[in-house]
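What follows is a single structure, written as structure tokens, with notes after it.
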Amino acid sequence: MTVSRTVPPELSANCAYFFDLDGTLAEIKPHPDQVTVPQTILQLLHRLATHNAGALALISGRSMAELDALTHPIRFPLAGVHGAERRDIKGHTHIVRLPQDVEHDISVLLHAALANMPGTTLETKGMAFALHYRQAPQHEAALLTLAERITRRWPQLALQPGKCVVEIKPKGTNKGEAIAAFMQEAPFAGRTPVFVGDDLTDEAGFAVVNRADGISVKVGSGATQAMWRLAGVTDVWRWLEQINCPQQDQKATNDRRDGHESFSRSL
């Protein structure tokens, strides 16, 4: 059983920050194209990055192109498609690619299969594929079976379940590996990692951060290996405001003393 205490973690001035996007920095919408990040939140992220020598990256299942569009005009270090593509602080990209014939064959197979499942959506990401069923939850089992069949046929791929989505991605790529790669590079190296995420896909990131004695934060309910928890996206936004505004430290302390702090420890 998981219980929570209203005791927030201590954040030093030597942290490296990693954030998921959907369900963490932005509310989840019926379709991924409807998601937006408020400009006020982008400015808070930019300020946090500036105060930490640029040590802030977005770690998402979305492609880097989508992440750049959602955070324009700010350009952050990124890990997209669960780490299959990554851009470091210098702008250098590191991308895992599938053979063109494999990508084509899987795309044809998935388009044909999902055409018979009304309400489902196929999102192609080059080296990965996302099978969305938020509008058709009755097809969840069929999509899982389909994804399992594809990963058996192409063993270089792995299945990654998420919130109302089944993803097929290159084996060995995950958010934990992406965070570990960033932590080997400046300006992240030598800092305490902080990772905030909401989904099953974020658990690999939590594991890496926990092993580094960092701060892992689960957004929302559900079982997790994260050591801390925030209730929802708006709580993430409020927390960003607090850690960006030193003048609010005393107010935050008073709120915690009164039992109103939304950052809780998972036990």
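Quick caveat, the model's predicted, so the values are computed rather than measured.
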I need the Ile168 CD1 to Leu131 CG distance, nearest 0.5 Å. 5.0 Å
Note: Lys163-Asp22 ion pair, threshold 4.0 Å (strictly below): no
Backbone N or O of Thr173 within a donor-acceptor pair of the Lys169 side chain at under 3.5 Å? yes
Donor-acceptor pair, distance only, cut-off 3.5 Å: does the side chain of Arg62 make one with the backbone of Pro32? yes
Can you give me the closest heavy-atom contact between Pro137 and Arg134, atom names plus distance? CD-O, 3.9 Å
How many angstroms lie between CD in Glu148 and CG in Leu159, if you round to the nearest 0.5 Å? 6.0 Å
If you measure from CD1 on Ile59 to NZ on Lys175, what distance do you get to the nearest 0.5 Å? 8.0 Å
Under 4.5 Å between side-chain heavy atoms, counting indirect links through other Ile/Leu/Val/Met/Phe/Trp/Tyr residues: same cluster for Ile28 and Leu200 or not? no
Should Ile179 and Leu21 be regarded as members of a common hydrophobic cluster, given that ILVMFWY residues are connected when their side-chain heavy atoms come within less than 4.5 Å of each other, either directly or indirectly? no
For Leu110 and Ile150: C-alpha separation, side-chain torsions, deciding distance, then whether side-chain contact (heavy atoms from CB on, under 4.5 Å) applies. CA-CA 9 Å; Leu110 290 175; Ile150 287 174; 3.3 Å; yes
If you round to the nearest 0.5 Å, how far is OG1 of Thr224 from CG of Asp202? 8.5 Å
Between the side chains of Glu167 and His82, does any donor sit under 3.5 Å from an acceptor? yes
For atom CD of Gln100, is the number of surrounding heavy atoms from other residues, nucleotides or ligands below 6.0 Å larger than 12? no
Quick check: is Val209 connected to Met183 through a chain of hydrophobic side chains (ILVMFWY, heavy atoms under 4.5 Å apart)? yes
Does the His111 side chain pair with the main chain of Ser107, one donor and one acceptor, at a distance under 3.5 Å? yes
I need the minimum non-hydrogen distance between Leu78 and Phe182, along with the two atoms involved. O-CZ, 3.4 Å
Measure from the side-chain N and O atoms of Ser216 to the backbone N and O of Met227, and report whether any donor-acceptor pair falls under 3.5 Å. yes
Any donor-acceptor pair under 3.5 Å from Trp237 side chain to Leu25 backbone: yes
Determine whether Trp239 and Val37 fall in the same hydrophobic cluster, where Ile, Leu, Val, Met, Phe, Trp and Tyr are linked whenever their side-chain heavy atoms lie under 4.5 Å apart. yes
CZ (Arg191) and CG (Leu56) are apart, to the nearest 0.5 Å, by 10.5 Å
Please evaluate residues Leu240 and Phe19 with respect to the criterion side-chain contact (heavy atoms from CB on, under 4.5 Å), reporting the C-alpha separation (whole Å), side-chain torsions for both, the decisive distance (0.1 Å), and the verdict. CA-CA 11 Å; Leu240 279 171; Phe19 292 91; 3.8 Å; yes
Minimum heavy-atom separation for Glu27 and Val35, please, with both atom names. O-CG2, 3.8 Å
Membership question, hydrophobic clusters at under 4.5 Å side-chain separation (ILVMFWY): are Leu42 and Val219 in the same one? yes
Check the pair Phe18, Val208 against side-chain contact (heavy atoms from CB on, under 4.5 Å), reporting the backbone distance first and the verdict last. CA-CA 12 Å; Phe18 303 96; Val208 166; over 6 Å; no
How long is the span from the CD atom in Glu185 to the NE2 atom in His92, to the nearest 0.5 Å? 10.0 Å
Under 3.5 Å, is there a donor-acceptor pair between the side chain of Asp235 and the main chain of Gly232? yes
Going through the checks in order, is the side-chain contact (heavy atoms from CB on, under 4.5 Å) test met by Gln43 and Ile74? CA-CA 9 Å; Gln43 290 303 320; Ile74 304 170; 4.1 Å; yes
Between Gln225 and Phe206, what is the shortest heavy-atom contact and its length? CG-CB, 3.9 Å
What pair of heavy atoms forms the shortest contact from Lys171 to Pro155, and how long is it? NZ-O, 2.9 Å
Hey, is NE2 on His104 packed in by over 12 heavy atoms from elsewhere, all under 6.0 Å? no
Nearest heavy-atom pair of Leu143 and His132: which atoms, and what distance? CD1-O, 4.3 Å
